[in-house]
Structures are given as structure tokens and as C-alpha cells.
Amino acid sequence: MLQQVNQARASGQVCGTQIMPAVPALAWNDVLFSAAARHSQDMADRNYFSHDTPEGVSFSQRLTAVGYAYSAAGENIAAGQTSVSQVMAGWLASEGHCRNIMQPVFREVGVACVAKSGTTYGTYWSMELGVR
């Protein structure tokens, strides 16, 4: 996943109608991965798909809860894709998700996927992006 994200950032993208130039590579961050993994697991366990938990906890609140003190942050989520290539293609085809990936301010990323049978989508992806 990190390789594909950084390839997209290195080559530049067109996000909707906006041309996004190449930007520096992101570094993997284990704290962001932890937040992503917890959110993907929660969506799978409780069979929902949303940036906010059913109780209304936002991604920014989840980042703060795991101790990621950010100055800027973003989140991409996806569900149903079964490979990194599929989820990346979907995110890059979506203007908002693409812009998150291409934001020059972000320096770190963590991504997780949880698969769970018997749920609506089967796989739940979360990408947390940030800069401290």
C-alpha cells in the first residue's frame, strides 16, 4: 500500500478537475496504522461504513485518542475492495479521496484492512494521513 500511495504522489494526479502536481513521499506511521486498524475493525465488527462511529466519534477524535498530535490530518475509507490495487484505484478515481492522498502538507500515513465474512461489504479499509 505504501508503495502504491507514494507512486501516485510521485507521478501527480488529476483529482476531479484539479491537477495535483507530484508531492513528496509519505512515511509509514505505526500510530496512524493503529487508528486505521481500530476503525476498520470496528466497522467490520459492527457492520457499518462511515467516517464516524455510530456514536459520532470522528477520525480526528480517534487520532487524538491514540496519541497522534497532528497539525493536519485526513482520512480515506473504503469497503468491498479485495486488493490494494482495487482500493487505490477507487480512491484515486474519487475527487475527495484523491485530494487527501495528494495533499502536500501530509507527511505520514497508516492504512489497515479488515476482512470479516457475514458483513455487508466483507472488507473494510481505513487510511489515516497526517503531519505533526
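- The stretch residues 37-89 participates, sequence neighbours left out, in these ring pair (Phe, Tyr, Trp, His ring centres under 6.0 Å) pairs: Phe49-Tyr121.
- Heavy atoms only, all atoms of each residue included: Gln81 and Ala78 are closest at OE1-CB, 3.5 Å.
- Side-chain contacts under 4.5 Å among hydrophobic residues (ILVMFWY), followed directly or transitively, place Val14 together with Ile19.
- Contact of the Arg132 side chain with the Ser71 side chain is not registered, since no non-hydrogen atoms from C-beta on lie closer than 4.5 Å.
- Remark: the backbone N or O of Gln103 is paired with a side-chain donor or acceptor of Arg9 at under 3.5 angstrom.
- Rounded to the nearest 0.5 angstrom, Asn47 CG and Thr120 OG1 are separated by 3.5 Å.
- Shown here for Ala25 and Asn6, the closest heavy-atom pair between the two residues is CA-OD1, 3.2 Å.
- For the disulfide (SG to SG under 2.5 Å) test, residues two or more places apart in sequence or in another chain that qualify with Cys98 are Cys15.
- Of all heavy-atom pairs spanning Ala73 and Leu63, the tightest one is CB-CD1, 3.5 Å.
- Across every non-hydrogen atom of Ala36 and Gly110, the tightest pair is CB-O, 3.8 Å.
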- Task: Check the pair Gln61, Asp52 against side-chain contact (heavy atoms from CB on, under 4.5 Å), reporting the backbone distance first and the verdict last.
- Result: CA-CA 10 Å; Gln61 291 170 307; Asp52 295 340; over 6 Å; no
- Given Gln4 and Ser85, is the side-chain contact (heavy atoms from CB on, under 4.5 Å) satisfied, shown in steps? CA-CA 8 Å; Gln4 287 193 31; Ser85 295; 3.1 Å; yes
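- Remark: the backbone N or O of Ala37 is not paired with any side-chain donor or acceptor of Ser40 at under 3.5 angstrom.
- The two residues Arg107 and Pro24 have their closest heavy-atom pair at NH1-CG, 4.2 Å.
- In plain terms, the two heavy atoms of Val31 and Gly67 that are nearest each other are CG1-C, 4.4 Å.
- Side-chain contact of Gln86 with Thr82: a donor-acceptor pair under 3.5 Å is present, judged by distance alone.
- With salt bridges taken as basic N to acidic carboxylate O contacts below 4.0 Å, none links Arg38 and Asp42.
- Ser50 contributes no side-chain N or O that, together with a main-chain N or O of Thr53, makes up a donor-acceptor pair within less than 3.5 Å.
- For Ser60, the side chain to side chain donor-acceptor pair (under 3.5 Å) criterion is met by Ser58, not counting sequence neighbours.
- Looking only at atom types and distance, the side chain of Ser126 has no donor-acceptor partner in the side chain of Glu128 under 3.5 Å away.
- For the atom pair NE2 of His97 and CG of Asn76, the computed distance is 4.5 Å after rounding to the nearest 0.5 Å.
- Residue Met20 belongs to a hydrophobic cluster whose other members are Met1, Leu2, Val5, Val23, Leu26, Trp28, Phe33, Val84, Val87, Met88, Trp91, Leu92, Ile101, Met102, Val105, Phe106, Val109, Val111, Trp125, Met127, Leu129, Val131, with links defined by side-chain heavy atoms closer than 4.5 Å.
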- Test log, rule side-chain contact (heavy atoms from CB on, under 4.5 Å), inputs Arg62 and Glu75: CA-CA 11 Å; Arg62 291 192 301 275; Glu75 177 178 73; 2.6 Å; yes
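- Take Asp30 and apply the salt bridge (charged side-chain N to carboxylate O under 4.0 Å, His left out) test, not counting sequence neighbours, and it matches no residue.
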